[in-house]
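The basis for the numbers below is simple: all heavy atoms, side chains too, and nothing from hydrogens, waters or symmetry mates. Values in this document were obtained by computation on a predicted structure and should not be read as measured data. Below, chains carry the letters A, B, ... as their sequence lines are ordered, and counting in each starts from 1.
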Amino acid sequence: MTETTSWMPADAFAPRTAESPYGWGLPLNISTHGAGIDQLINILHWFCLALFVGWGLYFLYCLVRFRARPGHQPNPMLNHFKLPTFLEVGVAIFEVAILVFLAAPVWGSYKNDFPDEKDALVVRITAEQFAWNVHYPGRDGKFGKTDINLIDGTNTIGLDRNDADAKDDIFTINNLHIPVNKKVIAYIHSKDVIHSFFLPVMRVKQDAVPGMTNKVWFEANQTGSFEIACAQLCGNSHFRMRGQFLVDTPEAYQAFLVEEEKALSEASQ
Amino acid sequence: MIVIPYVDKPHPLTGVTNAKFGIWLFLASEVMLFGALFSTLIILRTGSANWPLGSTELNVPLATINTIALITSSVTIVLAWASLKMQQIGRFRVYMALTLLLSAVFLVIKYFEYTHKFEHGHFPSTSTFFAIYFTMTGLHGIHIIGGMIVNAYLMGPGSAMWKKNPEQFTGRVECAGLYWHFVDLVWIFLFPSFYLL
Amino acid sequence: MAAAHGHMGVHIKAYIGVFMALIFLTVVTVGVSYLHFSHGMAIAVAMFVATVKGGLVAAVFMHLNNEKKVIYWVLGLTAVLFLLLISIPMMLLCH
Amino acid sequence: MSSHDSHAQGHHEMGFIRKWVFSTDHKVIGIQYAVTAMLFLLFGFFLILMLRWQLAHPNTAIPIIGGFLPESWANGGVMTPDFYNVIGAMHGTIMVFLGVVPLSVGGFGNYLLPIQVGAQDMAFPKLNMASYWVFFIGGVIMFASFFLPGGPAANGWTSYPPLSVVAQNGQTMWLLGMVFLITSSLLGSVNFIVTGVQLRTKGMSFFRMPLFVWAQLVTSFLLLLAFPPLEAAGVLQLMDRVFGSSFFLPSGLIVSGEKLTVSGGGNPILWQHLFWFLAHPEVYVLILPAFGIVAEVIATNTRKPIYGYQTLIYSMVFLGFMSFFVWAHHMFMTGMGTNLSNFFQATTMIISVPSVIILTTLLLTLWGASIRYTVPMLFALAFLPMFAIGGLTGLPLGLAAADIHLHDTYYVIGHFHYVVAPGTLFGLFAGVYHWFPKVTGRKTNVALGKLHFWISFLAINGVFFPMFFQGMAGVSRRLYDPMVYAHVAHSQGLTVLSSYCSFILGAAQFLFLANIIYSAFKGKKVESDNPWESTTLEWATATPPPHENFPTPLEVFRGPYEYGLTPKGYSPQHLQEA
């Protein structure tokens with residue numbers, strides 16, 4: 001990705017697809033809760049544009065009509081049309097309506113409607129200075145114990161392999177695989193400084209704060225290969241914390257699990 | 001030349017002199033400063049699993065003496081101000097000297113407390129309890145030193161103003177008194193928060 | 001001069017009275033701490049005594065019992081923001 | 001002449017040092033603040049131009065000065081990621097704490113507040129001088145941190161722990177510098193409030209004070225009550241860095257492989273609460289003085305009274321008060337629950353109301369006016385739509401749902417820069433051009449002024465408007481190399497556009513500098529004490545105002561903006577007959 005694109009790439013405003021999900025403005029949205037967010041952003045921008053154009057016309061009109069010129073006297077007593085107060089009340093009501101009927105429900109569902117852990121894929125994402133460690137529970141669905149004393153160059157999350165549950169745990173760096181149309185719960189934690197787990201195409205962002213674990217859920221409704229980004233300054237290589245975010249078909253996801261298990265069994269010989 | 005009104009006479013509408021209004025504004029910002037530190041103390045205490053009982057780590061009798069010393073110094077400075085109101089500059093100097101002596105006692109006790117802790121290997125890095133203890137009592141101590149400098153100035157060279165402008169000088173002593181009472185007030189809350197709980 | 005004396009005399013009695021009260025309350029709060037109340041009760045009692053002592057110092061020593069409106073307005077605004085500042089721990093707990 | 005005068009020295013027999021360096025004259029201190037602040041603004045601006053070059057042409061040598069930078073900052077002329085973060089942190093710190101606040105509060109406020117309320121000087125002149133010199137020490141510490149071994153701070157102007165505590169850079173110097181800057185602001189705000197309340201001249205009731213004075217009073221209350229919590233947090237972070245305590249370090253941290261040997265138990269989110277408890281009132285400290293200046297300039301150049309003078313005052317006071325209740329909308333993504341974030345979403349919606357009212361009343365003032373397009377008026381008029389864009393783009397960020405996607409992206413950078421750059425800075429430019437004749441007794445060159453306006457206006461929109469598109473694309477802020485992420489590389493064209501517009505904007509400021517420096521010594525002399533035919537008290541003094549402002553105290557007979565009510569066209573506050 002290092003070739004400099006032309007000043008304005010063709011897909012700047014083209015409709016977003018899995019092949020070219022990015023451009024100027026909102027990227028492709030493949031998450032179920034993303035639609036509400038995009039709708040909110042669009043409504044707000046049309047509302048702001050309307051206000052700006054409305055007041056802009058009034059502004060330019062005044063600049064022309066009331067410019068100082070010979071024979072023109074300021075007239076402080078010129079009565080004002082009563083539009084402003086009606087406008088202000090309307091704006092205030094619209095804002096409250098947006099907050100109560102669209103913003104709060106979308107935010108509420110994003111923060112509170114967690115799926116049941118039994119029928120969702122649960123992963124643990126531990127951020128560290130300049131990489132995302134992804135820890136899958138494996139077939140048994142249970143996470144093995146981790147111990148910070150075991151942390152070293154390769155085992156960066158200190159997974160205790162001889163713990164019963166840890167036998168089948170899969171652990172990847174900068175590589176998050178999720179099956180399409182399946183709810184995922186991610187426990188986000190950090191080892192050193194504050195990072196922020198950000199999936200642009202999923203409209204998901206959650207700070208990884210050391211000392212506490214934040215929970216976030218999402219569900220992808222389209223397959224493809226996208227990016228994990230870090231959205232909080234975390235040191236001099238903050239810009240390099242790019243991860244692969246792959247939404248697989250169920251078969252591809254199984255293939256990924258099998259392949260990882262094979263690598264695991266070879267490593268354990 | 002510049003003439004700044006209400007330096008010694010209160011403003012007809014607000015009823016306060018410039019200095020008194022100014023010192024209260026400064027104390028308002030100090031309330032916010034110590035407020036932030038107290039809220040840090042609360043969050044550290046509720047967040048930590050093994051917050052030690054104050055009396056086990058700190059010397060309560062010594063601190064009680066300190067509290068009484070500071071309360072007494074609060075009384076002596078208000079009596080110093082009262083004696084100025086009764087035109088007795090001599091008695092003012094006695095009370096102000098007492099205030100300085102008592103605050104010196106407070107600092108000396110604080111010095112022994114700190115060195116005692118350092119010998120036992122208790123440093124700000126030992127635990128968040130000692131970290132917030134040293135930070136808050138240390139910052140309070142710096143405020144005591146600041147107050148002592150001002151009080152010493154008012155007792156010494158500053159009192160030359162008594163002959164030129166007694167009202168303005170009394171106002172200054174009152175403001176130094178207000179600041180000192182505030183420092184005592186902060187200690188009244190620091191003492192139980194660390195030593196008794 | 002006499003009037004000043006008389007007037008101040010009343011004040012000085014008040015200061016000595018408050019001084020005694022503060023000493024007494026200090027002894028009380030230290031005494032209570034040796035009784036080792038339950039955690040919540042100990043905090044409530046200690047803070048109550050500290051607030052009474054602080055109130056005495058503020059009202060009598062700092063003359064807030066009859067101060068001017070402009071000072072009350074400043075302190076009122078500061079009190080509101082102080083409570084907001086002290087509510088930060090509660091925000092962090094229900095994070 | 002009630003009191004025995006303790007300021008016996010007249011203006012003339014003081015030496016240069018006493019008159020210009022250690023002066024207690026609020027006008028001299030105002031100029032000292034303004035000049036120091038403008039130098040820091042230039043320095044902060046120059047820093048970010050280097051960063052814009054790195055963003056536009058990643059990993060290519062910075063032209064001209066690339067070679068001169070030390071190896072640790074730019075090996076072979078190409079900026080290193082560490083130096084990139086240094087610029088990010090110091091640009092923010094310098095522009096906010098060393099540039100805009102000292103210029104708008106220290107410079108304009110110090111110079112104008114006493115004169116506009118009819119006083120001869122600040123209530124505490126020596127304290128005022130002390131506040132400048134404490135600010136100066138803070139500035140020196142911040143500037144010196146560039147040349148000290150660890151280099152300056154590099155953890156963003158917000159310096160979030162644990163990064164700011166574990167980072168091996170000049171964060172300790174940053175904290176020391178901040179303690180001095182905060183103390184200076186505290187001393188200054190006490191002075192402003194006491195002067196504004198106590199030293200008003202006869203007849204100057206609260207509702208006859210100019211809006212500039214009201215804005216400075218509300219700003220001073222914000223500085224007085226919001227800064228100390230950050231000073232406390234700064235002390236805590238200093239303890240963490242220097243004495244190894246762990247207020248903000250949770251237990252079990254593993255930094256670059258090794259376990260951190262600290263006691264742990266701290267909470268990094270506590271710093272964010274204490275920092276933003278100050279930082280949101282701080283951003284209102286940045287905008288309120290600009291409201292005041294723009295209101296003055298608009299009133300003078302529309303030749304009619306400000307529409308809704310009292311509404312503006314109540315809105316500014318309410319804005320100041322509400323600014324304390326919204327800080328956590330910067331922290332929606334730290335994992336806070338819905339009830340806490342709903343509270344802060346609601347207060348953020350509430351606080352947008354006074355801003356809209358202020359903007360609306362200023363816009364309605366144009367109705368029935370006779371607008372004179374002087375240079376200050378151009379800047380003041382441009383302030384209105386620009387602040388509108390800044391304010392409106394705050395809406396999506398204030399709603400947590402939209403903030404999920406937009407938090408910490410270039411959308412945020414576009415939002416607050418629209419409020420600060422074409423907003424506050426244009427207001428300050430308007431102020432400089434408006435009061436330059438009174439301060440120096442000479443006029444600025446109008447053609448050069450208008451050229452500076454039009455180039456800056458177009459360039460500033462070229463810099464910041466593309467950032468909204470990049471923000472929507474999810475481009476995170478503080479990224480050293482924009483080509484690493486695919487979703488960032490796609491809007492590289494916008495980055496290049498922003499960068500080149502910022503270079504043009506930088507060049508345009510030399511027009512302003514040339515104009516100011518040239519006119520200060522060689523500009524055309526002002527023929528009257530009231531060149532703009534304005535009504536407020538600062539135009540009732542001689543030009544430039546003498547040491548004691550008003551040889552004989554003035555009396556005020558009417559409100560501040562009585563324009564267009566009499567045949568003469570304007571009625572100054574201090575004249576008995578209209």
- Task: Would you confirm whether the ring centroid of D/Y411 sits within less than 6.0 angstrom of the ring centroid of A/H45?
- Result: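 For A/H45 and D/Y411, the ring centres are under 6.0 Å apart.
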- Over 12 non-hydrogen atoms of neighbours within 6.0 angstrom of CZ in A/F130: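 Atom CZ in A/F130 is crowded, with more than 12 foreign heavy atoms closer than 6.0 Å.
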What part of [X] gets closer than 4.5 Å to chain D, counting heavy atoms only: side chain, backbone, both or neither?
{"X": "A/F226", "result": "neither"}
{"X": "A/N149", "result": "side chain"}
{"X": "A/I194", "result": "both"}
{"X": "A/N214", "result": "side chain"}
{"X": "A/C234", "result": "backbone"}
{"X": "A/L199", "result": "neither"}
{"X": "A/L28", "result": "neither"}
{"X": "A/I151", "result": "side chain"}
{"X": "A/V204", "result": "backbone"}
{"X": "A/F13", "result": "side chain"}

Check [X] against [Y] and note the closest heavy-atom contact, atom names and distance.
{"X": "D/T409", "Y": "A/K205", "value": "CG2-NZ, 3.8 Å"}
{"X": "A/A103", "Y": "D/L399", "value": "CB-CD2, 3.8 Å"}
{"X": "A/P210", "Y": "D/P250", "value": "O-CG, 3.4 Å"}
{"X": "D/D408", "Y": "A/Q232", "value": "OD2-NE2, 3.2 Å"}
{"X": "A/Y22", "Y": "D/H490", "value": "O-CD2, 3.5 Å"}
{"X": "A/C62", "Y": "D/W367", "value": "SG-CE3, 3.8 Å"}

In terms of heavy-atom proximity below 4.5 Å to chain A, should [X] be classed as side chain, backbone, both, or neither?
{"X": "D/L384", "answer": "side chain"}
{"X": "D/P396", "answer": "both"}
{"X": "D/V255", "answer": "both"}
{"X": "D/N85", "answer": "side chain"}
{"X": "D/S476", "answer": "side chain"}
{"X": "D/Y480", "answer": "both"}
{"X": "D/Y373", "answer": "side chain"}
{"X": "D/M377", "answer": "neither"}
{"X": "D/A400", "answer": "both"}
{"X": "D/I269", "answer": "side chain"}
{"X": "D/P161", "answer": "backbone"}
{"X": "D/T302", "answer": "backbone"}
{"X": "D/Q272", "answer": "side chain"}
{"X": "D/S251", "answer": "neither"}

Main chain of [Y], side chain of [X]: is a donor-acceptor contact present, judged purely on distance under 3.5 Å?
{"X": "D/Y485", "Y": "A/R240", "result": "no"}
{"X": "D/Q345", "Y": "A/A104", "result": "no"}
{"X": "A/Q206", "Y": "D/M333", "result": "yes"}

Between [options], which residue shows the highest count of heavy-atom pairs closer than 4.5 Å to chain D?
{"options": "A/G211, A/P74, A/P105", "result": "A/P74"}
{"options": "A/D152, A/I43, A/N75", "result": "A/N75"}
{"options": "A/A208, A/P200, A/A92", "result": "A/P200"}
{"options": "A/V106, A/N112, A/T213", "result": "A/N112"}
{"options": "A/P27, A/S20, A/P21", "result": "A/P27"}
{"options": "A/D38, A/V100, A/I148", "result": "A/I148"}

- Message: Parallel, tilted or perpendicular: which one describes the rings of A/F198 and D/H487, with boundaries at 30° and 60°?
- Response: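 Perpendicular.
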- Message: Once you measure the plane-to-plane angle for A/W107 and D/F332, does it fall in the parallel (<30°), tilted (30-60°) or perpendicular (>60°) bin?
- Response: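 Taking D/F332 first and then A/W107, their aromatic rings sit tilted (interplane angle of 30° to 60°).
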Within this structure, what is the [atom1]-[atom2] distance for the pair [X] and [Y], rounded to the nearest 0.5 Å?
{"X": "A/Y61", "Y": "D/L366", "atom1": "OH", "atom2": "CG", "result": "13.0 Å"}
{"X": "D/D82", "Y": "A/N236", "atom1": "CG", "atom2": "CG", "result": "4.5 Å"}
{"X": "D/R478", "Y": "A/C230", "atom1": "CZ", "atom2": "SG", "result": "11.0 Å"}
{"X": "D/I371", "Y": "A/R69", "atom1": "CD1", "atom2": "CZ", "result": "10.0 Å"}

- Query: Could you go step by step and tell me if D/T334 and A/M212 meet the side-chain contact (heavy atoms from CB on, under 4.5 Å) rule?
  - Reply: CA-CA 10 Å; D/T334 55; A/M212 58 196 268; 5.8 Å; no
Is the shortest side-chain heavy-atom distance between [X] and [Y] below 4.5 Å?
{"X": "D/I254", "Y": "A/D192", "answer": "no"}
{"X": "A/F239", "Y": "D/V488", "answer": "no"}
{"X": "A/P76", "Y": "D/L565", "answer": "yes"}
{"X": "D/L253", "Y": "A/K191", "answer": "no"}

- Please test D/L406 against A/I41 for side-chain contact (heavy atoms from CB on, under 4.5 Å), starting from the C-alpha separation and ending with a verdict. CA-CA 9 Å; D/L406 300 175; A/I41 290 178; 4.2 Å; yes
- Message: With no hydrogens and no angle check, just 3.5 Å: does a side-chain donor-acceptor pair link D/S352 and A/E95?
- Response: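 A donor-acceptor contact under 3.5 Å links the two side chains.
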- Item | Pair A/L26-D/H405, side-chain contact (heavy atoms from CB on, under 4.5 Å): steps then yes or no | CA-CA 9 Å; A/L26 286 174; D/H405 186 65; 3.6 Å; yes
- Query: Should D/L364 and A/Y58 be marked as a side-chain contact (heavy atoms from CB on, under 4.5 Å) after you check the CA-CA gap, both sets of side-chain angles, and the distance that decides it?
  - Reply: CA-CA 9 Å; D/L364 289 178; A/Y58 161 83; 3.7 Å; yes
